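Naming: A, B, ... by sequence-line order, numbering from 1 per chain. Quick caveat, the model's predicted, so the values are computed rather than measured.
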Protein chains: 4
Amino acid sequence: MAEVGGVAGERLRSFVERVERLEEEKAALAADIKEVYSEAKGSGFDIKVLRQIIRLRKMDQSDRREQEELLDIYMRALEM
Amino acid sequence: MAEVGGVAGERLRSFVERVERLEEEKAALAADIKEVYSEAKGSGFDIKVLRQIIRLRKMDQSDRREQEELLDIYMRALEM
Amino acid sequence: MAEVGGVAGERLRSFVERVERLEEEKAALAADIKEVYSEAKGSGFDIKVLRQIIRLRKMDQSDRREQEELLDIYMRALEM
Amino acid sequence: MAEVGGVAGERLRSFVERVERLEEEKAALAADIKEVYSEAKGSGFDIKVLRQIIRLRKMDQSDRREQEELLDIYMRALEM
DNA sequence: GTGGGTTTGTGGCACC
DNA sequence: GGTGCCACAAACCCAC
């Protein structure tokens with residue numbers, strides 16, 4: 001990190017701005033999600049229930065993956 | 001949350017899937033951000049400090065100053 | 001936070017030290033846990049497998065709790 | 001990880017339970033710490049700054065200085 | 001303003 | 001040694 005005002009400064013600025021740009025897009029998506037929840041609420045759904053459903057669906061997936069992974073490492077631990 | 005099993009079921013499914021879709025995209029952006037940090041690291045930048053820079057740029061100036069002043073007061077109180 | 005060197009300073013110091021004390025104890029427990037894993041490894045167990053087992057046992061519990069919670073909020077959403 | 005189902009099964013169970021026991025105690029301490037912060041908050045202290053104080057006290061002086069210097073360099077490079 | 005929950009950041013650990 | 005991963009801790013945000 002020599003060249004405080006020189007080339008490195010340009011690279012640094014570039015990285016910072018790329019991250020900031022991506023974070024903006026991410027924040028926009030978060031806002032979209034919030035809007036969907038809001039719309040759902042307007043249709044009479046309970047947001048807390050919705051969130052829970054989505055969380056459980058995600059968990060089931062990762063749970064299944066974990067189980068498979070456990071089987072896998074058991075097998076390797078037993079040198080099968 | 002009326003009409004369980006009826007028309008509302010369709011709507012519910014639709015909301016759930018929209019949220020899941022958006023969350024996938026959000027996760028993809030998070031991965032992109034991670035990659036940028038990784039690239040910056042490869043260029044010799046300190047990721048932790050980089051994160052701090054981005055945090056400071058986002059933070060309001062007056063809040064930032066306020067926090068620092070409070071920290072200063074506490075440290076003097078503790079004779080650090 | 002007036003009284004930088006006075007009464008408030010004493011209270012501040014007291015809180016800080018209480019937290020530090022508790023964190024020390026917590027760190028000691030973390031070290032104990034690490035030691036148990038180490039001992040298990042010495043007995044021929046695969047640490048990664050062990051961790052996975054413990055994680056799954058914890059997950060199963062919290063999964064069950066989540067399911068119950070979901071049922072509960074469904075019921076409340078349906079005003080049962 | 002040999003002897004699945006035999007004597008090793010007992011040992012395995014023992015290790016798992018010891019870890020789980022220690023993790024419970026650790027969780028209890030975490031709750032205690034949270035409570036201290038809560039009490040401090042009730043006395044008018046800023047929790048965020050309090051945490052920072054504790055972090056700084058734990059951190060090595062030279063590391064702390066190093067981080068600050070790096071931050072300073074980056075900020076000058078970005079003309080912040 | 002307080003608590004809960006979600007998300008982000010940091011540190012430790014294992015593997016390469 | 002250094003890199004990626006995972007778990008814990010902290011910050012943030014919303015709803016009440």
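Atom CD1 in C/I53 sits about 14 Å away from atom P in F/dA7, given to the nearest Å. Atoms CE (B/M59) and P (F/dA11) sit 10 Å apart, rounded to a whole Å. In this structure, CD of A/E66 is placed 12 Å from C1' of F/dA7, rounded to the nearest angstrom. Rounded to whole angstrom, the span from the CD1 atom of C/I54 across to the P atom of F/dC8 amounts to 11 Å. Straight-line distance from the CD1 atom of C/I47 to the P atom of F/dC6: 16 Å, rounded to whole Å. One can place CZ of C/R76 at 11 Å from P of F/dC16, the figure rounded to the nearest angstrom. Remark: P of F/dC8 and CG of C/L22 are 18 Å apart, rounded to the nearest angstrom.
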Could you run through nucleotides 3-9 of chain E and give me one letter per nucleotide, 5' to 3': B if any protein heavy atom sits under 4.0 Å from the base, S if only the sugar-phosphate is that close, - if neither? ---SSSS

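Counting non-hydrogen atoms of other residues, nucleotides and ligands closer than 6.0 Å to CZ of C/R55 gives a total above 12. Within 6.0 Å of CD on C/E35 lie no more than 12 heavy atoms contributed by other residues, nucleotides or ligands.
Partners of D/E66 according to the side-chain hydrogen bond (donor to acceptor under 3.5 Å, both in side chains) rule, which considers only residues two or more places apart in sequence or in another chain, do not exist here. For A/R51, the salt bridge (charged side-chain N to carboxylate O under 4.0 Å, His left out) test picks out no residue, with sequence neighbours left out.
Side-chain N or O atoms of B/Y74 include one that pairs as donor or acceptor with a backbone N or O of D/D46 at under 3.5 Å.
The line from CG of D/L71 to CD of B/Q52 is 4.5 Å long, rounded to the nearest 0.5 Å.
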